[in-house]
Number of protein chains: 2
Amino acid sequence: MEHDVTSGTPATRPALTRGRIVRAAIGLIEREGAGALSMRRVAAELGVAVMSLYNHVPNKAALLEGVAEHVVAGMELEDDPSRSFADRARVLVRAFRTVAHEYPRCMTIVLTHEIDSPAGLRPAERALALADAAGFDGETSVRIMRALLAYALGAQLRETGAVRMLDHLAAAPADSYGRLDPDEFPHVIALAPQLARHDPETDFEFGLDLLIRALDALPRAASRPLDEDPGTAQG
Amino acid sequence: MEHDVTSGTPATRPALTRGRIVRAAIGLIEREGAGALSMRRVAAELGVAVMSLYNHVPNKAALLEGVAEHVVAGMELEDDPSRSFADRARVLVRAFRTVAHEYPRCMTIVLTHEIDSPAGLRPAERALALADAAGFDGETSVRIMRALLAYALGAQLRETGAVRMLDHLAAAPADSYGRLDPDEFPHVIALAPQLARHDPETDFEFGLDLLIRALDALPRAASRPLDEDPGTAQG
DNA sequence: TACGTCCGACGTACGTTGTACGTACCGTGT
DNA sequence: ACACGGTACGTACAACGTACGTCGGACGTA
């Protein structure tokens with residue numbers, strides 16, 4: 001054909017790779033939304049034939065999983081072991097929120113798809129480490145991790161999928177107030193201004209504070225020195 | 001044609017309706033999974049031509065929204081105003097969890113799609129009512145509602161989308177332990193048994209307790225008598 | 001009874017999607 | 001020089017969402 005490139009030559013084209021495919025998909029999603037993602041579009045993005053993708057990705061679901069994996073792998077899990085459990089936990093959960101801001105339109109995919117790679121376990125490992133270091137037993141550490149994860153996921157999900165009807169309330173109060181039965185929704189109507197106000201950051205921190213203060217108040221053994229074997233903590 | 005039925009006669013066929021379409025979709029999803037839902041399948045389910053659906057539902061997205069709406073509308077929001085704020089809040093959040101058990105395979109849809117109908121606001125109204133009755137100001141009530149919602153959504157999302165890798169850890173420990181770098185994931189490996197153990201109920205209640213106890217400890221005005229106008233609480 | 005109007009069920013058809021399959025080519029080991 | 005494994009590619013197909021036109025029964029009015 002007219003190709004001046006031989007297939008495998010990186011000199012003219014950067015070599016097709018699972019990583020490049022995933023990044024292209026992410027770029028596409030961020031620019032045009034998750035609905036715009038198709039194998040054909042990704043291929044076009046990379047200047048490649050559609051079926052070439054399948055040499056590196058078994059199917060579209062796997063590509064989506066790759067997207068999710070790449071995003072959570074982008075979490076910056078810095079940690080300062082000298083700080084308190086509460087502070088460290090806060091930093092950890094906020095890290096998730098930070099990537100959520102970095103890849104806003106990928107978040108539905110991240111939240112929806114399960115991640116089957118070590119990258120997905122890094123935040124879990126970190127959470128368990130914090131809890132363990134704080135003196136919680138294994139069982140409790142796992143539950144703490146799950147509670148933190150649930151809140152991180154849920155807060156993000158709620159924010160992106162914010163019920164539109166509340167926006168209607170704000171946008172056209174006259175119309176929407178009328179559509180809402182005042183007998184059934186007195187509080188929603190009365191609190192419409194607060195409901196319409198978007199301050200995701202404060203909302204997020206409010207719930208996070210609640211959860212972490214409650215965790216901090218949980219009964220536990222004294223926090224142990226850092227050099228002790230963490231694995232022996234669970235009974 | 002061979003129709004012994006006249007189109008609009010309910011005597012032979014129960015009359016095509018948005019409600020029947022939505023219920024058929026839900027049935028399909030619960031039986032075969034969300035991936036199996038297509039307009040054609042739904043039509044077949046109802047013994048109806050595909051395009052007939054579009055007389056009652058503008059498009060597939062609207063159908064999905066209908067599914068989500070129907071599910072949350074199925075929440076049984078019983079309430080006992082004589083009980084404490086904490087108890088009432090617990091009951092409310094558990095109600096969401098109950099429908100999640102009733103329509104497990106619809107949950108991804110419910111979580112993903114925003115609900116643009118009064119039905120979606122009923123739980124919100126309830127949460128605001130509880131918080132208001134407990135003496136929280138409007139701003140705080142809204143934040144409390146959001147925190148509860150975030151946890152409810154997140155806990156459910158986490159449970160359904162439970163990271164499969166943890167299952168691998170349980171299923172084939174030998175293999176998976178080997179695949180996991182012990183230096184990077186010491187706690188995950190050490191706590192593998194606890195991580196693999198599925199006790200969603202206890203996990204859910206653990207986090208819910210944390211959150212609600214923290215809410216209960218929040219500073220607030222004394223709870224007001226029930227006959228007072230709730231709408232005046234917010235500044 | 002006859003007729004005009006409207007609505008809902010339906011068939012056809014188009015563009016887009018994911019991907020199974022076969023082919024052609026490259027670089028590499030022998 | 002030659003066979004081989006991997007990768008890029010084109011073709012092809014089934015299934016999808018849905019725009020559009022048609023058609024026949026229900027119903028108000030005469």
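So that the names make sense, note that chain A is the first sequence line, chain B the second, and so on, each numbered from 1. All heavy atoms count here, side chains included; hydrogens, waters and symmetry mates do not. Keep in mind that what you see is a predicted model, and the values were worked out from it rather than measured.
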Presence of A:H56 side-chain N/O under 4.0 Å of D:dG6 phosphate oxygens OP1/OP2: no
A:E65 side chain to A:H113 side chain, donor-acceptor N/O pair below 3.5 angstrom: no
Atom-pair distance (CZ on B:R20; C1' on C:dG8), nearest Å: 14 Å
Taking N or O atoms only and anything under 3.5 Å, show me the protein contacts with nucleotides 18-22 of chain D, one pair per line.
residue	atom	partner	partner atom	Å
D:dT18	OP2	B:Y54	OH	2.9
D:dT18	OP2	B:K60	N	2.9

Trace of the salt bridge (charged side-chain N to carboxylate O under 4.0 Å, His left out) decision for B:E32 with B:R105: CA-CA 9 Å; B:E32 309 195 23; B:R105 317 187 68 166; over 6 Å; no
Under-4.0 Å side-chain N/O to phosphate OP1/OP2 contact, B:S52 with C:dC10: yes
Euclidean distance, atom CG of residue A:L53 to atom C1' of D:dG10 [Å, nearest integer]: 14 Å
B:R146 charged N/C atom sitting above A:F206 aromatic ring, 6.0 Å / 45°: no
Length of the CG-P vector between B:N55 and D:dG17, whole Å: 17 Å
Distance, nearest 0.5 Å, that separates CD of A:E45 from CZ of A:R23: 13.0 Å
Gap between atoms CG and P, on B:L37 and D:dA15 respectively (whole Å): 16 Å
Check against ring pair (Phe, Tyr, Trp, His ring centres under 6.0 Å), A:F96 and A:F204: CA-CA 12 Å; A:F96 178 75; A:F204 175 77; 8.8 Å; no
Salt bridge flag under 4.0 Å for residues A:E205 and A:R94: yes
Length of the CD-P vector between A:E32 and C:dT16, whole Å: 14 Å
